[in-house]
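Quick notes on the structure that follows.
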Protein chains: 2
Amino acid sequence: MLNLNQLRIFYHVARRLSFTAAAGDLFISQPAVSAQIKCFEDFCGLRLLKKRGRTLHLTDEGMALYDYARKIFECEREIENALEDMRALKRGVLRLGTTKTYARYFMPDLITRFHEAFPNIKVQLNEGSSLEMTESLLDFQNEVAIVAKAVEHPDVVFKPFSQEEVVLVSSPGHPAGEKVHLTLEELTHEPIIMKEKGSGTRKLVAEAFSKKGLVPNILMETSNTEFIKQLVQRGEGIAFLVRAAIALELQEGKLRILRIAEKPLFLDVSIAHLKGQSLSPPAKVFLEMLSNIAAAGGAPNKGLRSLMADVLASHWSRPSRP
Amino acid sequence: MLNLNQLRIFYHVARRLSFTAAAGDLFISQPAVSAQIKCFEDFCGLRLLKKRGRTLHLTDEGMALYDYARKIFECEREIENALEDMRALKRGVLRLGTTKTYARYFMPDLITRFHEAFPNIKVQLNEGSSLEMTESLLDFQNEVAIVAKAVEHPDVVFKPFSQEEVVLVSSPGHPAGEKVHLTLEELTHEPIIMKEKGSGTRKLVAEAFSKKGLVPNILMETSNTEFIKQLVQRGEGIAFLVRAAIALELQEGKLRILRIAEKPLFLDVSIAHLKGQSLSPPAKVFLEMLSNIAAAGGAPNKGLRSLMADVLASHWSRPSRP
DNA sequence: GCGAGCCATAAATTAAACTTATGGATAACA
DNA sequence: TGTTATCCATAAGTTTAATTTATGGCTCGC
C-alpha cells in the first residue's frame, strides 16, 4: 500500500527540487527526507529523482508521480479548509424537525435569526407530528426537534422552550360567541373541527375533555391548519388552535376567540435532542440561540424584515403564564 | 498537518460503517482503528461518526469529509495504477536523440520494432548533431543518443552499435565517374558539397583529407542531406554521404557511387547514455533491444511494413567490415 | 435472559520515522 | 588552485506513533 507520508515528502522534494528545502518545509531533518525518498523509490521500483552535480531533477516517472501527488495534496488542502470552515461554523447543515404549526408560524423568525448569525449554515427544516419528529432524532434524520413533548424517551432530552396558548375560535357571527364563558359541557354540542391525531394541540384538547369525562363532537379532523381556519370562518364549526396561528385572522376580524370557562389551555413546546454531547456544531449553536431566546422571554427580533413580523410579535409578546 | 494514515482509516470505516470491517480491510486490529479514529476526530475537532445501538452512522461533517477522502483515495489508486504501468512498461517515455541522418534513414525501423514490443511507450525523438545529442544527455534532455562518437565525456558511456559506410556520390553522368579509383588528391579539384560542421560524416571525411595533408574543395555545406542529394543529382558537385541515405537514388539510377583509391570510409555509430544505472525502464529496454540487434548483426525485421523497407534492407544487409 | 458480535479501554510491544553526527562531493569564491 | 560553504548520503541511536493483546461493556438477536 502506498505510503502517503512518503508521497508527501516526495511531493515537497519535487516541488522544491531540494532535499534540504523540503526538510525545512516539513519541519524535519534532511536525513529524514533522504531516508524516506529512498524508501519511496524502493517501493515504487523506479528512480524518481536524478542528481546532476548538486542540482536535482525529476525523472519522467517522477514527473508523472508529481502530477498525481499535486492532485492529492491539493485535495488535502481542500479538506483542511473544509474542516476549518466546519469548525468555524462557516459551513455545515442544521437538520431541524418541527411540527407543521411551528414551522409555519414560528420558524421563519428563528431561522432568520439563525441565518443572520451563521449565514453559511444550511438549515434543513423537516415537518411532521411531534411524535414523528421526536422519533426522527433517533435515526439521525434530524438533530434537533421543536415539538410538543409527546412521549418520553430515554435517549432524548426535552428542554421546555415556550408555551403556546391554545384558544377556541369561531367565525365572528357564530351563535356560541354570545356566551361569555363556554363550558366544555356546552361545547360537546358544538361540531368541532379538530387537528389530526398525533398533534400536540389535539392531545391537549382531548385531555381537557377526557379529564371531565366528556367526549368532544368532532365534525372532522385534518393536519392542515389553514384548512381548519377556512372552515371555521365559514361557520362550519369551531376549532382549537394555537393563538399565534390565527393572529392575522383576528386582526382582520375573520375569526373570533371564544372564552371558555376553563383555565386557559397551554401547549408546552420543547426542544428535543439526543442525550449526550453528540451534537454537531451547528446544532449546538442553534440550541444555544434557543436557550438565549427562552431566557430573554422570547423578545422579538426588532430588526426582522420578515413578512410575519406582526404575527410573530403577537407570539413573542404574549403575557407569560402565571 | 492532516494525518493521511488516519484519513485512510476513517475512509475505510466510513465506507464499511464498521470498525471491525475496516480493520479487516486494512489488515490491522480493531483497537488500532478505534484509537486512530479517536485521534482523527480530536484533530478535526469534530465528531465524524455516531453510534446508535451498535450501528454506526456518519455525521454530516463525517459525510463531507468522506466525500473528500474518496477523492484522495481514488487518486491514490490512480497513482498505484500508474506506478504499475510504469514498472510494467505499459506507460512511459523514451527520450531519444539522434543525428538527422540517423533519424531519417535508420530510426523508423528501430522505433517500429520498439513500438511493436512496447506499444504504450511514447518515443520522443530529438535531432541534432552528434555533439549536441551527446551533450543533451548531460542535462537530461535525452536519455539515450545514437551518435557518431564525438567527444569523450567522463559521465557518458559510448557503446559501439554499427558502422555506416560513407561513400562518394555524383550524378550518373559526372565526368569523375570515368576514373576507376579516384584519389583524394584528385578530389581536391572537384567541388564537394559537404555536410555541416559537427556532422559525423564531415568529421570522418575531413580527417581523411587532413591525414594526407589535403584540403577538400568545399563548394558549399549544409546539414540537409536531401538538399545535398538534389545538388549532386544536378551535377553541381560530388558529396560524401552515408550509403543508406542514397539507397533509393542508387536504385533509381539518379546517383552513382564513385570508387575511391582509399580504403572505404566507415562512420562509427555508438549508443550513448549517462554512466551509472540511472536509466529509466523504457531506456533500459531500448538499449537492450539495440544490443540484441547489434549482436545479431543488425538482421532486418522481416515483418516490417515500413515504406523504408528497401532502404533499410540495404542497410542491415551490408557486408560487415573486415 | 443468554450468548454473539461489536466497540472501548489499557498496558505493552513493535515498527516506523526522525535526530544527531559525520563524511563525501560539488560548486562558488578567494 | 586551494578553500569554504552547501548539499546529500550514511550510520547509529532515539523518539514517537501505531499497533497488538487482553479484557470489559454494551446491544441485539434468539
Side-chain angles (χ1 to χ4, degrees), chain A residues 1-44 47-59 62 138-140 153-156 274-278, chain B residues 1-44 47-59 62 138-140 153-156 274-278:
Chain A
M1 198 180 332
L2 193 63
N3 182 326
L4 292 176
N5 183 48
Q6 290 171 5
L7 185 71
R8 185 198 298 282
I9 293 176
F10 167 72
Y11 165 70
H12 282 270
V13 169
R15 199 166 62 91
R16 302 287 300 263
L17 288 176
S18 155
F19 283 47
T20 307
D25 292 350
L26 291 162
F27 304 104
I28 58 178
S29 65
Q30 167 264 310
V33 174
S34 295
Q36 293 298 77
I37 290 293
K38 174 178 276 202
C39 284
F40 190 55
E41 284 189 328
D42 287 349
F43 169 83
C44 293
R47 294 204 58 73
L48 305 173
L49 296 158
K50 281 185 178 177
K51 217 170 58 172
R52 182 104 228 104
R54 79 181 178 197
T55 55
L56 224 50
H57 297 256
L58 284 169
T59 63
L138 299 173
D139 55 8
F140 301 124
H153 190 286
D155 293 339
V156 176
L274 286 182
K275 253 175 199 159
Q277 75 318 345
S278 59
Chain B
M1 198 180 329
L2 193 64
N3 182 327
L4 293 176
N5 182 49
Q6 289 170 6
L7 185 72
R8 186 200 298 283
I9 293 176
F10 166 73
Y11 165 70
H12 281 272
V13 170
R15 201 166 60 91
R16 303 287 300 264
L17 289 176
S18 154
F19 282 47
T20 307
D25 291 350
L26 291 161
F27 304 104
I28 59 177
S29 65
Q30 168 265 311
V33 173
S34 296
Q36 293 298 78
I37 290 292
K38 174 178 276 203
C39 285
F40 190 55
E41 284 189 329
D42 287 348
F43 169 83
C44 293
R47 296 203 57 73
L48 305 173
L49 296 158
K50 281 185 177 178
K51 219 171 56 174
R52 182 103 230 107
R54 78 184 177 194
T55 54
L56 222 51
H57 297 256
L58 284 168
T59 63
L138 299 173
D139 54 9
F140 302 124
H153 190 285
D155 294 338
V156 177
L274 286 183
K275 254 175 200 159
Q277 74 319 347
S278 58

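In what follows, every chain begins at residue 1, and chains take the letters A, B, ... in the order their sequences are listed. As the structure is a prediction and not an experimental result, all values here were calculated from the model.
- With sequence neighbours excluded, the residues satisfying side chain to side chain contact (heavy atoms under 4.5 Å, CB included) with F43(A) are L2(A), L83(B).
- Residues passing the salt bridge (Lys or Arg N to Asp or Glu O under 4.0 Å) test with R47(A) are E41(A), sequence neighbours excluded.
- Residues passing the ring pair (Phe, Tyr, Trp, His ring centres under 6.0 Å) test with H153(B), sequence neighbours excluded: none.
- At a threshold of 4.5 Å between non-hydrogen side-chain atoms, the residues N3(B) and N5(A) do not count as touching.
- dT10(D) atom C1' lies 15 Å from atom CG of D42(A), rounded to whole Å.
- Here the closest non-hydrogen pair linking F140(A) and H57(B) is CE1-CD2, 3.2 Å.
- Between S18(A) and L56(A), the shortest heavy-atom distance links the atoms N-CD2, 4.0 Å.
- Looking at residues two or more places apart in sequence or on another chain, you find no side-chain hydrogen bond (donor to acceptor under 3.5 Å, both in side chains) involving D42(A).
- Counting only heavy atoms from C-beta outward, the side chains of L58(A) and L49(A) approach each other to under 4.5 Å.
- Evaluation of the ring-ring contact (aromatic ring centres under 6.0 Å, His included) test over residues 2-27 of chain B, restricted to residues two or more places apart or in two chains, returns F10(B)-F40(B), Y11(B)-Y66(B), Y11(B)-F73(B).
- Taking both residues in full, the closest heavy atoms of A32(A) and I28(A) are given as CB-CD1, 4.1 Å, listed atom of the first, atom of the second, then distance.
- Read 5' to 3', the first and last nucleotides of DNA chain C with an atom closer than 4.0 Å to a heavy atom of chain A are dA17(C) to dA27(C).
- Put simply, CG on D139(A) and CZ on R52(B) are 9.5 Å apart, with the number rounded to the nearest 0.5 Å.
- Relative to the axis of its first five pairs, the axis of the last five pairs of the helix from dG1(C)-dC30(D) to dA30(C)-dT1(D) sits at 30°, rounded to 10 degrees.
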Contact pattern, 5' to 3', of nucleotides 13-23 of chain D - B, S or - by protein heavy atom under 4.0 Å: -----SSBBB-

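- Counting only residues at least two apart or on different chains, the side chain to side chain donor-acceptor pair (under 3.5 Å) pairs with a member in residues 21-39 of chain A are R15(A)-D25(A), R16(A)-D25(A), Q30(A)-S34(A).
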At under 4.0 Å between heavy atoms, which parts of nucleotides 25-30 of chain D does protein reach? Answer with one letter per nucleotide, 5' to 3': B base, S sugar-phosphate only, - none. --BS--

